[in-house]
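The block underneath contains the structure these notes are about, expressed in C-alpha cells.
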Amino acid sequence: MRITQEIDYAFRIVGHLAVHEGEVIGAPLIAEREKIPERFTLRILRKLNLAGITEAKRGAYGGYRLKKPKEDINLYDIILAVDGPIYINRCLADGEEFCSKNKRDELGHCKFHCKLAEIQFRIIKMFRDSTIDEFV
C-alpha cells in the first residue's frame with residue numbers, strides 16, 4: 001500500500017475546500033494555491049464529485065465546494081474516491097482468490113493472511129478516524 005501522488009493531491013484539494021467551506025472555488029485557483037497541475041486538479045475533482053465529497057457549480061461564478069461538512073469527510077473517503085479500497089496484500093481483496101492457502105472454506109488456515117487482515121483493518125480504521133477538519 002502506498003499513498004500515491006494523486007491521493008496526496010486529493011487531500012490538498014479537499015483541505016483547501018475545507019478551509020473555504022461553503023465557498024465555490026474554481027479549479028484553476030485551487031490548482032495554483034495548492035501547487036497541483038490543473039489537469040490533475042480537474043481529474044481528481046471529477047472523482048471527488050462522483051464520490052459525493054465535492055460538488056460542482058456551473059456558470060460564470062462556478063467552481064467546486066464540499067458537498068458535506070468537513071467534519072464528516074475522513075481520509076479514507078478520499079482514498080476510496082481516488083484509488084479505491086486499501087488492500088495491503090492482494091489476497092485480502094474481497095471476492096478475489098489470490099491466496100492459495102486461505103480459500104473461503106478454509107479461512108484462518110494461513111497465519112500470514114490473518115495477521116495481514118488485522119493490520120489492514122487497523123490502517124483503514126486510522127484513515128477513517130482522521131477527518132479533514134483536523135488538517136484545517
Open item on the list: Please determine whether residues I3 and M126 belong to a single hydrophobic cluster, defined as Ile, Leu, Val, Met, Phe, Trp and Tyr linked transitively by side-chain heavy-atom distances below 4.5 Å.
Closed with: no
Open item on the list: Between T4 and D83, is there a side-chain donor-acceptor contact under 3.5 Å, judged purely by atom types and distance?
Closed with: yes
Task: Student check: side-chain heavy atoms of I88 and I123 closer than 4.5 Å - done: yes
- [ ] Begin from the C-alpha positions of E55 and Y64 and carry the test side chain to side chain contact (heavy atoms under 4.5 Å, CB included) through to its verdict.
- [x] CA-CA 6 Å; E55 62 184 353; Y64 298 86; over 6 Å; no
Task: Results of side-chain hydrogen bond (donor to acceptor under 3.5 Å, both in side chains) for E21 - residues two or more places apart only - done: K70
Task: Separation of I13 CD1 from I132 CD1 (nearest 0.5 Å) - done: 11.0 Å
Name every donor-acceptor pair, under 3.5 Å, that has one atom in a side chain of residues 22-41 and the other anywhere in the protein, sequence neighbours excluded.
from, atom 1, to, atom 2, distance (Å)
E34, OE2, H16, ND1, 3.0
T41, OG1, P37, O, 3.1

Open item on the list: Just so I know, are the side chains of I53 and K67 near enough to count as touching, which here means a heavy-atom distance under 4.5 Å?
Closed with: no
- [ ] For N89, enumerate each residue passing the side-chain hydrogen bond (donor to acceptor under 3.5 Å, both in side chains) test, keeping only those at least two apart in sequence or located in another chain.
- [x] none
TODO: Kindly write out the residues that satisfy salt bridge (Lys or Arg N to Asp or Glu O under 4.0 Å) with D129, not counting sequence neighbours, or none if the list is empty.
DONE: K125
Open item on the list: What's the separation between atom CZ in F135 and atom CD1 in I73, rounded to the nearest 0.5 Å?
Closed with: 12.5 Å
TODO: Give a yes or no on whether L66 and V136 share a hydrophobic cluster (residues Ile, Leu, Val, Met, Phe, Trp, Tyr; joining criterion: side-chain heavy atoms under 4.5 Å apart).
DONE: no
Open item on the list: To the nearest 0.5 Å, what is the distance between CD on E134 and CG on N74?
Closed with: 9.5 Å
Task: Flag side-chain contact, heavy atom, 4.5 Å: H20 against R65 - done: no
Open item on the list: Nearest 0.5 angstrom please: L17 CG to L48 CG, how far?
Closed with: 8.5 Å
- [ ] Please identify each residue that fulfils side-chain hydrogen bond (donor to acceptor under 3.5 Å, both in side chains) with T54, with sequence neighbours left out.
- [x] N49
Open item on the list: Could you measure the distance from the CZ atom of R128 to the CZ atom of F121? Nearest 0.5 Å is fine.
Closed with: 8.0 Å
Open item on the list: Suppose we screen for salt bridge (Lys or Arg N to Asp or Glu O under 4.0 Å). Which residues come up paired with R46, at least two apart in sequence or across chains?
Closed with: none
- [ ] Following the transitive rule for hydrophobic clusters with a side-chain heavy-atom cut-off under 4.5 Å over Ile, Leu, Val, Met, Phe, Trp and Tyr, establish whether I86 and Y9 coincide in one cluster.
- [x] yes
- [ ] Decide side chain to side chain contact (heavy atoms under 4.5 Å, CB included) for L75 and T131; before the verdict, give the C-alpha distance in whole Å, the side-chain angles of both, and the deciding distance to 0.1 Å.
- [x] CA-CA 6 Å; L75 297 184; T131 56; over 6 Å; no
Task: Nearest-0.5 Å distance that lies between atom OG in S130 and atom CD1 in I78 - done: 10.5 Å
